[in-house]
Structures are given as C-alpha cells and as structure tokens.
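The block underneath contains the structure these notes are about, expressed in structure tokens.
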There are 2 protein chains.
Amino acid sequence: MKDFEKLLRDNNLKVTKGRIAILELLYSSKIPMNTEEIFNYVDKDELPSFTSLYRILNQLSEAGILEKNLYQNGLLYYELKGKKHRHYIICSKCGKISPIEHCPISEFVEEASIETGYVVEDHVVELIGICPNCQKS
Amino acid sequence: MKDFEKLLRDNNLKVTKGRIAILELLYSSKIPMNTEEIFNYVDKDELPSFTSLYRILNQLSEAGILEKNLYQNGLLYYELKGKKHRHYIICSKCGKISPIEHCPISEFVEEASIETGYVVEDHVVELIGICPNCQKS
DNA sequence: GTGGATGCAAACCATTTGCACGCCA
DNA sequence: TGGCGTGCAAATGGTTTGCATCCAC
C-alpha cells in the first residue's frame, strides 16, 4: 500500500497537503507526468503554487522518492521510484506517452561499464515516434 | 571524405565560413558537443555570434545533417549524422562523455513499435555514471 | 515557539526572435 | 541585385531563488 506520511517522515520531510496530493497523483498515474500536468491534475484546494510544486518535486527527487527525467521535448517528467522498471515512447506530435514493458538494457549497462570504466548510476531510454492517433491525421 | 560545401548546397544552404567551421569541428570530434563547447572551439575568425551558432545548428539539424539531442544535464548536444550509430555515457560529476560501441536497441525498437502501435522515428539512450577520473577523487 | 514550508515576485539561463545591416550566389 | 546570413539586443519560457509569512511538529 501507500503510506506516504511515513515515507515523508522517514525522509525528514514534513507532511503537508501538497506533498501528499502530489505523491497520490503520481502513485495513481501509470506514466510519468511533467510539471504542468501535475499542477493541473492536483486538486485546487491542495494545490501548492507552481513555486512549491517545483520545490517539492526536487526534494522528493533528491530524497530518492521520485525519478526525474528530462525528455527530448525539454520538459521534466516525474514518476514514483520503485515501481517496476519501465521505459516509454513519446509521440513527437501530441506528446502522448506510452509505457514499454521490455527493458533490454541491463546487460548493455554492464557491458558499457566494462568498456568505458564508468560506474553506471542511471540510464535513460527514450523512444520518439508517432502515436496511433496522430498517424491517422 | 568531407565535401561540406556540396553538402550545404544540396540542402539549399549557402556556403559560409561559420557553417564550414562548425561542420569541420563536428566532423573531427569523436563525441557530441554542446553549444558552448562548439562556440569555444571554433576559430575566432570564423566564429559566428552565439545567435548565429544556434541558428546554424538548428538549420543543419532540420536539414538532417546534424543530430541534436537534449541530455539530462539540460544542454543540447550535436553530432554529425551518418557516422556510425553510437550511444554515450556521461559523467554526472565532470560531464565527460565517452562513446559506447554496442547498440542493442534495434530489436527493442521493433518490439516496442509492435507493442505500442507507434511509428518509431528516433531513440535516445543515455547512460549516466562516474567517469574513471572522478572515481579517484 | 521554531524551523521547515509556502507564495509572490524577481532572477536565471539556455535558447529564440525582431530588426537592421552585410554578404553569398 | 535580391535574398539569405549575421549580429545585437530584447524577448521567451521553464525553472530557481530571495524574502516575508505561515504552519507542521
């Protein structure tokens, strides 16, 4: 289940309406959301200002609760960490994001680590294409 | 070889010192370069202003001559298209970029296309880690 | 009560655009 | 010569920061 209050306290973050609302939204979302989407979807009563939204998202990312990724469209996307590892494909016309189940990257990451001598911390795979809807028009 | 003048003319772009200098720099570079790096490396005499640099890079990208990618550090990187397909790993401390030879993505792209119904146009693979040098400190 | 959390406005910064001038074809 | 290319300065847009106020603990 989702004990977001404990999660916040464990990370020395106070429990506030805004933080809970953001965590619940991202918990219920199947795909990463960008800042504007989160802002629009959070209940207006519990809605922090845009400023606070950015601050909260950064805190939660630094705490390792969220995963923060910059997509090729120039926007920051957030998702709850710890969910099943996934990659996404984004439509270059309408911006629709769909998850992709397979991740063939793990072995690749290991090879790359040996090849380059880097300690790999993270990886980003982004596919760009045209979604079924946009193909029609 | 590198007949950049012809390449420009074929794309209805006039041959100018700045464009040639940028193309030669990217041709000689083994890794993608960001805007600031390109600006600093181009010979001052042939150096367009920052404004023109951006404009040239966008034109060349739109013409399909360059590949333009937004990395997780928030900067745009450019490389000559048509070179052997490669991915890169970037150091989260110093920003050093190293190429990775293998690309296991092709089959993955096909699977993903079938799975999601998207027509895949492009893919980005970005590994983030600590380079050998930064591991020492 | 106190330090973290919030909101507003202003700052940031890479990138883009408007406009007048300059140069390639 | 005509139109693309250039440079300067100003605008843009997503994100961050300063500072005064507010609220969780």
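- The backbone N or O of B:Leu57 lies less than 3.5 Å from a partner atom in the side chain of B:Ser61, making a donor-acceptor pair.
- The side chain of B:Arg9 places an N or O atom within less than 4.0 Å of a non-bridging phosphate oxygen (OP1 or OP2) of C:dA25.
- Taking atom CG of residue A:Leu57 and atom P of nucleotide D:dG14, one finds them 15 Å apart after rounding to whole Å.
- OP1 or OP2 of D:dT15 sits under 4.0 Å from a side-chain N or O of A:Tyr54.
- Residue side chain A:Arg55 does not reach the base of C:dG4 through any donor-acceptor N/O pair under 3.5 Å, judged by distance alone.
- Heavy atoms of A:Thr51 sit under 4.0 angstrom from at least one base atom.
- Side-chain atoms of B:Glu126 come within 3.5 Å of backbone N or O of B:Gln72 as a donor-acceptor pair.
- Residue A:Gln59 has a polar side-chain atom (N or O) positioned under 4.0 Å from OP1 or OP2 of C:dA5.
- At distances below 3.5 Å, at least one donor-acceptor pair connects side-chain atoms of B:Thr116 with backbone N or O atoms of B:Ala112.
- When the side-chain nitrogen and oxygen atoms of B:Asn58 are compared with OP1 and OP2 of C:dT16, one or more of them lie within a distance under 4.0 Å.
- Place A:Gly18 and B:Leu13 on DNA chain C by their nearest nucleotides, and A:Gly18 ends up nearer the 5' end.
- Close to C:dG7, at under 4.0 Å from its OP1 or OP2, lies a side-chain N or O of A:Ser52.
- D:dG14 atom P lies 14 Å from atom CG of B:Leu70, rounded to whole Å.
- Ring-plane geometry between A:Tyr77 and A:Tyr71 is classed as parallel, the angle between the planes falling under 30 degrees on a 0 to 90 degree scale with a further cut at 60.
- As a whole-Å value, the separation of B:Glu62 CD from C:dT16 P is 10 Å.
- Distances shown here put a side-chain N or O of B:Thr35 below 4.0 Å from the OP1 or OP2 atom of C:dT15.
- Atoms NZ (B:Lys6) and C1' (C:dA25) sit 17 Å apart, rounded to a whole Å.
- When the C1' atom of D:dG3 is taken as reference, atom CG of B:Asn12 falls 13 Å away, rounded to whole Å.
- The side chain of A:Thr16 contributes an N or O atom lying less than 4.0 Å from OP1 or OP2 of C:dT6.
- Although no hydrogens or angles enter the test, the distance criterion places a donor-acceptor pair under 3.5 Å between the side chain of B:Ser113 and the main chain of B:Tyr118.
- Atom NZ of A:Lys17 and atom P of D:dA24 are 8 Å apart (whole Å).
- Across the protein-nucleic acid pair, A:Tyr77 atom OH and D:dT15 atom C1' stand 15 Å apart, rounded to whole Å.
- Put simply, NZ on A:Lys14 is 15 Å from P on C:dG1, counting in whole angstrom units.
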